[in-house]
Amino acid sequence: MDEVEALRATLLSAIEGASDLAALEEVRVHALGRKGQLTERMKSLGALDIEARKAMGVRLNAVKDDITTALAARKEQLGAAALNQRLAAERIDVTLPVRPEQEGRIHPITQVIDELVAIFADMGFTVAEGPDIEDDFHNFTALNIPPEHPARQMHDTFYLPPGPNGERKLLRTHTSPVQIRTMEAGPPPYRVIVPGRTYRVDYDMTHTPMFHQIEGLVIDTTSHMGHLKGCLTDLVRAFFELEDLPTRFRPSFFPFTEPSAEMDIGCSRKAGELKLGQGGDWLEILGCGMVHPKVLELSGVDPTRYQGFAFGLGVERCAMLKYGIPDLRTFFEADLRWLRHYGFSALDVPSLATGLSR
Ligand code: PHE
């Protein structure tokens with residue numbers, strides 16, 4: 001075999017032996033690149049005499065054609081093999097079970113608000129909202145708490161820096177300002193509840209600077225103290241899922257209701273353990289009363305025509321009592337282990353159709 005035939009054979013077997021596209025490219029450069037073996041042979045043609053050059057030129061061109069054809073064929077082979085390999089490696093088995101993912105939990109505050117809203121919705125209430133940053137008028141004055149009223153000191157208010165006009169906004173100390181905003185927004189009747197955040201300068205086992213309340217407001221021409229008592233008794237019995245839960249209303253004072261009362265629910269405290277229901281002991285659960293005529297008047301509602309009641313209850317307190325959560329501060333420490341323990345599955349959406357219990 002002469003030199004040209006030997007070269008063709010070596011190159012063809014190198015092409016056949018290339019195991020992937022990168023190796024094949026190396027062979028191509030080695031043969032046909034600027035310094036490739038075949039290229040060098042072609043360059044050396046100039047040194048031959050004319051007859052020999054013609055003959056050798058024809059042979060070398062034939063080798064070049066063969067090599068080019070072989071390269072293209074091998075490239076196609078290797079490309080198809082690479083594609084098949086990828087298809088096999090990246091195949092998705094849709095019959096595999098899903099990977100277990102950590103399921104998020106509903107915070108007890110959200111759960112209890114949802115439960116209470118569901119109960120009130122069944123009684124015909126709608127949900128209203130108001131701003132966390134309030135003005136003095138809605139948080140105090142319109143609720144019959146004038147400047148210098150001692151109740152203002154009791155509220156331990158967070159104040160914001162004064163604005164350009166000297167007005168000091170504040171973080172609402174209760175959800176009661178939304179009573180005023182509801183009445184300002186349109187004429188009676190009203191039957192609303194207001195779940196929301198409230199703020200007071202306070203921090204210990206039973207107080208956090210931010211906490212939640214649900215306000216209620218019912219105004220029409222006929223609602224009286226009997227409706228207040230019936231509505232709130234139904235509420236706590238549905239929420240705590242105790243049909244015969246005793247309730248009692250104790251006279252109290254709020255500037256914005258007259259008369260005012262605090263509602264207690266029955267419980268027993270044996271060996272330091274609190275149990276809701278019968279038992280002869282009492283536990284305070286919410287504040288309420290008939291809306292003060294002055295409050296109606298300040299909100300543009302005619303107190304000679306309209307009357308009704310309002311109440312405010314603490315969401316954290318309800319959650320602690322119903323679900324046995326001992327320390328209020330843990331609600332807001334964002335400890336995921338706590339949330340996994342006391343939280344609720346997102347699939348347990350409270351509804352009156354399925355019952356409220358888990
Ligand atoms: N706003 C009162 C509080 O925060 C609760 C309340 C609301 C009392 C409505 C009476 C009527 O303590």
Side-chain angles (χ1 to χ4, degrees), residues 113 116 120 123 125 127-132 134-146 149-158 170-183 190-202 206-220 223-233 235-236 247-265 283-296 298-299 301 303 306-318 328:
I113 289 176
L116 290 167
F120 280 117
M123 297 188 204
F125 284 76
V127 172
E129 284 185 316
D132 287 18
E134 261 299 0
D135 51 48
D136 190 278
F137 177 76
H138 289 92
N139 196 79
F140 291 126
T141 308
L143 287 161
N144 197 29
I145 313 176
H149 193 286
R152 292 202 178 199
Q153 267 71 61
M154 276 164 46
H155 276 214
D156 304 312
T157 312
F158 284 109
L170 50 85
L171 295 179
R172 66 180 178 193
T173 57
H174 48 181
T175 41
S176 301
V178 189
Q179 288 187 34
I180 309 301
R181 293 188 177 276
T182 301
M183 293 191 275
Y190 314 112
R191 193 182 286 180
V192 297
I193 51 160
V194 184
R197 291 195 182 96
T198 49
Y199 306 83
R200 289 182 201 175
V201 184
D202 222 342
T206 52
H207 298 89
T208 49
M210 187 278 298
F211 57 103
H212 297 75
Q213 290 189 335
I214 292 193
E215 192 80 10
L217 176 70
V218 175
I219 301 286
D220 50 35
S223 282
H224 52 65
M225 195 86 189
H227 295 121
L228 177 158
K229 292 173 75 173
C231 170
L232 295 177
T233 298
L235 167 76
V236 290
T247 59
R248 104 182 154 177
F249 290 79
R250 260 182 305 110
S252 183
F253 173 79
F254 301 102
F256 35 93
T257 46
E258 183 58 36
S260 302
E262 258 151 343
M263 185 170 108
D264 297 340
I265 53 178
L283 187 72
E284 184 193 321
I285 186 86
L286 58 83
C288 56
M290 299 303 294
V291 176
H292 199 295
K294 258 195 174 159
V295 173
L296 295 174
L298 281 163
S299 307
V301 173
Y306 294 106
Q307 61 181 40
F309 59 90
F311 52 87
L313 79 157
V315 175
E316 284 80 358
R317 191 168 173 72
C318 289
L328 172 64

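Whatever order the structure lists them in is the order used to number ligands and atoms, beginning at 1.
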Original post:
Do any heavy atoms of Phe256 fall under 4.0 Å from ligand 1?
Top reply: yes

Original post:
Polar-atom distance check: Ser176 versus ligand 1, any N or O pair below 3.5 Å?
Top reply: yes

Subject >> Close side-chain approach of Thr173 to Asp156, heavy-atom, < 4.5 Å >> reply: no

Original post:
For ligand 1, which atoms sit closer than 4.0 Å to a heavy atom of Gly287?
Top reply: 6 (C), 8 (C), 10 (C)

Original post:
Which atoms of ligand 1 have any heavy atom of Phe311 under 4.0 Å away?
Top reply: 7 (C), 9 (C), 11 (C)

Subject >> ligand 1 contact on Cys288 by region, counting heavy-atom pairs under 4.0 Å >> reply: backbone

Original post:
Relative to the heavy atoms of Gly312, which atoms of ligand 1 are at a distance of less than 4.0 Å?
Top reply: 6 (C), 7 (C), 9 (C)

Original post:
For ligand 1, which atoms sit closer than 4.0 Å to a heavy atom of Gln213?
Top reply: 3 (C), 4 (O)

Original post:
Out of Thr157, Thr208, Asp132, which one pairs with Tyr199 under the side chain to side chain donor-acceptor pair (under 3.5 Å) rule?
Top reply: Asp132

**OP:** Answer whether the closest heavy-atom distance between the side chains of Phe158 and Val201 falls below 4.5 Å.
**Re:** yes

Subject >> Passing option when Glu215 is tested against Thr198, Thr182, Thr175 for side chain to side chain donor-acceptor pair (under 3.5 Å) >> reply: Thr175

Original post:
Of the choices Arg200, Met290, Glu215, which has the non-hydrogen atom that lies closest to atom 3 (C) of ligand 1?
Top reply: Arg200

Subject >> Which of the ligand 1 atoms, numbered from 1, are nearer than 4.0 Å to a heavy atom of Gln179 >> reply: 9 (C)

Subject >> Ring centre gap for Phe256 and His174 strictly below 6.0 Å >> reply: yes

Original post:
Can we call the ring centroids of Phe309 and Phe249 under 6.0 Å apart?
Top reply: no

Original post:
Do Arg248 and Asp264 meet the salt-bridge criterion of a basic N to acidic O distance under 4.0 Å?
Top reply: yes

